[in-house]
There are 2 protein chains.
Amino acid sequence: MPETDKQKDFTRSRSEGYQVNLMARLFAHALQARIKPLGLSTGTFPVLLALWEREGQTQRELVTELGVEQATMANTLSRMERDGLITRRAHEADARVQTVWLTECAKGLEQAATEAASEVNDRAMAGLSDEERHAFAALLSKVIGNLSET
Amino acid sequence: MPETDKQKDFTRSRSEGYQVNLMARLFAHALQARIKPLGLSTGTFPVLLALWEREGQTQRELVTELGVEQATMANTLSRMERDGLITRRAHEADARVQTVWLTECAKGLEQAATEAASEVNDRAMAGLSDEERHAFAALLSKVIGNLSET
DNA sequence: TCCAATTAGATAGCTTGCTATTTAATATTG
DNA sequence: CAATATTAAATAGCAAGCTATCTAATTGGA
């Protein structure tokens with residue numbers, strides 16, 4: 001390709017960044033449709049997964065585990081408290097820290113919510129062989145690793 | 001796996017939806033770092049790509065082409081107008097329609113901006129063979145297709 | 001022709017994400 | 001011990017996405 005045509009070889013439809021953004025929005029849309037009836041939303045969902053696995057984590061721990069910014073987590077937790085999904089208790093040894101606990105309501109949603117998420121993943125991966133699904137997971141990890149460096 | 005363990009087989013770290021969301025945020029972060037010095041942002045970028053290819057499109061055409069909601073596009077175009085990237089002109093035949101045009105400033109950014117985006121894609125795909133990169137693109141298309149149905 | 005349906009776009013109001021800054025508490029070090 | 005660093009969390013303010021609703025213009029039928 002001649003040097004003068006160089007700026008033409010970038011097209012949106014073939015850009016991985018564009019496709020990834022579109023895919024993420026489609027995932028979120030599909031998940032939202034299934035968990036909205038449960039009173040959940042896409043932002044609260046990963047927090048709930050972390051807490052279903054281990055309750056009483058600090059905001060800092062959730063931030064590290066989920067890879068969002070501290071301010072994002074603070075806002076998400078505020079909404080979750082407002083909506084009756086979590087409560088916060090003072091840390092016994094460190095007055096800066098609050099620990100996060102699930103309400104009974106939130107505890108009761110685990111089964112239905114994880115089933116909804118599995119359904120979305122299965123639908124997204126429909127028609128892919130086991131090898132393709134594994135290849136996709138491996139490529140996701142690789143790309144995430146590449147973009148996470150420093 | 002026994003029936004009673006069923007709810008435990010969903011883990012965030014292995015959920016495609018979670019990984020895809022993380023990957024999309026990393027892509028956006030990497031792109032933002034490179035185009036912010038040009039006065040651009042991630043939301044305006046695909047609109048510019050579409051207009052660099054063909055100016056004078058209507059908002060409706062941009063919506064269809066980029067796969068965002070009409071309200072999202074309206075807001076994005078407002079910010080772009082505010083920031084001196086586009087102007088809008090009345091359509092000669094239909095008073096409901098406005099066509100979107102690039103400012104001289106926006107026209108001058110094409111080369112630098114597409115280079116920035118290529119750089120992000122290359123970094124994300126670093127260490128992948130040509131076959132892997134093609135496989136990734138094919139899987140993206142497949143998954144997008146699956147989630148786009150109806 | 002006129003009324004209903006459609007279409008283009010704007011607006012309201014929300015979530016989810018970000019950066020940057022602030023406040024308060026704890027840890028560290030001279 | 002006092003001054004400084006660091007750490008945890010909150011807050012301000014913005015971008016980018018969404019749904020839902022509204023207005024105005026155009027189109028299509030009866």
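The chains referred to below are lettered A, B, ... by the order of the sequence lines, with proteins before strands, and numbering in each begins at 1.
- Between A:Gln32 and B:Gly43, the one whose closest nucleotide on DNA chain D sits nearer the 5' end is B:Gly43.
- For C:dA4, the paired base is D:dT27 (Watson-Crick or G-U wobble, both distances below 3.5 Å).
- Hydrophobic clustering of Ile, Leu, Val, Met, Phe, Trp and Tyr side chains at less than 4.5 Å, counting indirect connections, keeps A:Trp101 apart from A:Leu62.
- B:Asn21 places its CG atom 13 Å from the P atom of D:dG17, with the value rounded to the nearest Å.
- For D:dA16, one of the phosphate oxygens OP1 or OP2 lies less than 4.0 angstrom from a side-chain nitrogen or oxygen of B:Ser41.
- Of all heavy-atom pairs spanning A:Met125 and B:Val143, the tightest one is CE-CG2, 4.0 Å.
- The shortest distance between the side-chain N/O atoms of A:Gln59 and the OP1/OP2 oxygens of D:dA10 is below 4.0 Å.
- If you measure from atom CG of B:Leu62 to atom P of C:dA8, you get 13 Å, rounded to the nearest angstrom.
- Taking only side-chain nitrogens and oxygens, B:Arg60 comes nearer than 4.0 Å to OP1 or OP2 of C:dA8.
- With DNA chain C read from its 5' end, the first of the two nearest nucleotides for B:Thr58 and A:Asp83 is the one closest to B:Thr58.
- Look at CD on B:Glu69: it is 21 Å from P on D:dA15, rounded to the nearest Å.
- Taking atom CG of B:Asn75 as the reference point, atom P of D:dT19 lies 13 Å away to the nearest angstrom.
- In this model, the phosphate group of D:dA10 is not approached by any side-chain N or O of A:Ser78 to a distance below 4.0 Å at OP1 or OP2.
- An OP1 or OP2 oxygen of C:dG9 is reached within less than 4.0 angstrom by no side-chain nitrogen or oxygen of B:His91.
- Between A:His29 and D:dT19 there is a side-chain polar atom (N or O) within less than 4.0 angstrom of OP1 or OP2.
- No side-chain N or O of A:Asn75 forms a donor-acceptor pair with one of A:Arg79 less than 3.5 Å apart.
- Taking every side-chain heavy atom of B:Val97 into account, C:dA8 is the closest of D:dC18, C:dC18, C:dA8.
- The aromatic rings of B:Trp52 and B:Phe45 sit perpendicular, their planes meeting at an angle over 60°, well past the 30° parallel limit.
- Contact between the side-chain N/O atoms of A:Thr72 and the OP1/OP2 oxygens of C:dC18 is found at a separation under 4.0 Å.
- The base of C:dA10 sits with one of its N or O atoms less than 3.5 Å from a complementary donor or acceptor on the side chain of B:Gln70.
- Taking side-chain N and O atoms only, B:Thr76 has no distance below 4.0 Å to OP1 or OP2 of D:dA16.
- Between B:Arg96 atom CZ and C:dA8 atom P there is a gap of 6 Å when expressed in whole angstrom units.
- Protein atom CG of A:Leu31 is 16 Å distant from nucleotide atom P of C:dT15, rounded to whole Å.
- Taking the side chain as every heavy atom from C-beta outward, B:Thr114 and B:Leu49 approach each other to under 4.5 Å.
- Look at D:dA5: its glycosidic torsion is within 90° of 0, and that puts it in the syn range.
- Around the NZ atom of A:Lys36, the shell of radius 6.0 Å holds no more than 12 heavy atoms that belong to other residues, nucleotides or ligands.
- The side chain of B:Gln98 contributes an N or O atom lying less than 4.0 Å from OP1 or OP2 of C:dA10.
- In terms of phosphate contacts, B:Arg79 brings no side-chain nitrogen or oxygen within less than 4.0 Å of OP1 or OP2 of D:dA15.
- D:dA5 is unpaired under the criterion used here, namely a Watson-Crick or G-U wobble arrangement in which both key atom distances are under 3.5 Å.
- A sub-4.0 Å separation between OP1 or OP2 of C:dA10 and a side-chain N or O of B:Arg88 is present.
- A 6.0 Å sphere centred on NE2 of B:His91 holds more than 12 heavy atoms belonging to other residues, nucleotides or ligands.
- The interatomic distance linking B:Asp94 (CG) with C:dG9 (C1') rounds to 11 Å, in whole Å.
- At whole-Å resolution of the value, CE in B:Met73 and C1' in C:dT11 are 17 Å apart.
- Remark: A:Thr42 is in phosphate contact with C:dT16, judged by side-chain N or O atoms under 4.0 Å from OP1 or OP2.
- Counting any heavy atom pair closer than 4.0 Å across all strands shown, A:Ala71 reaches a base atom.
- Comparing A:Val68 and A:Ala93 by the nucleotide of DNA chain C whose heavy atom lies nearest to each, the residue mapping closer to the 5' end is A:Val68.
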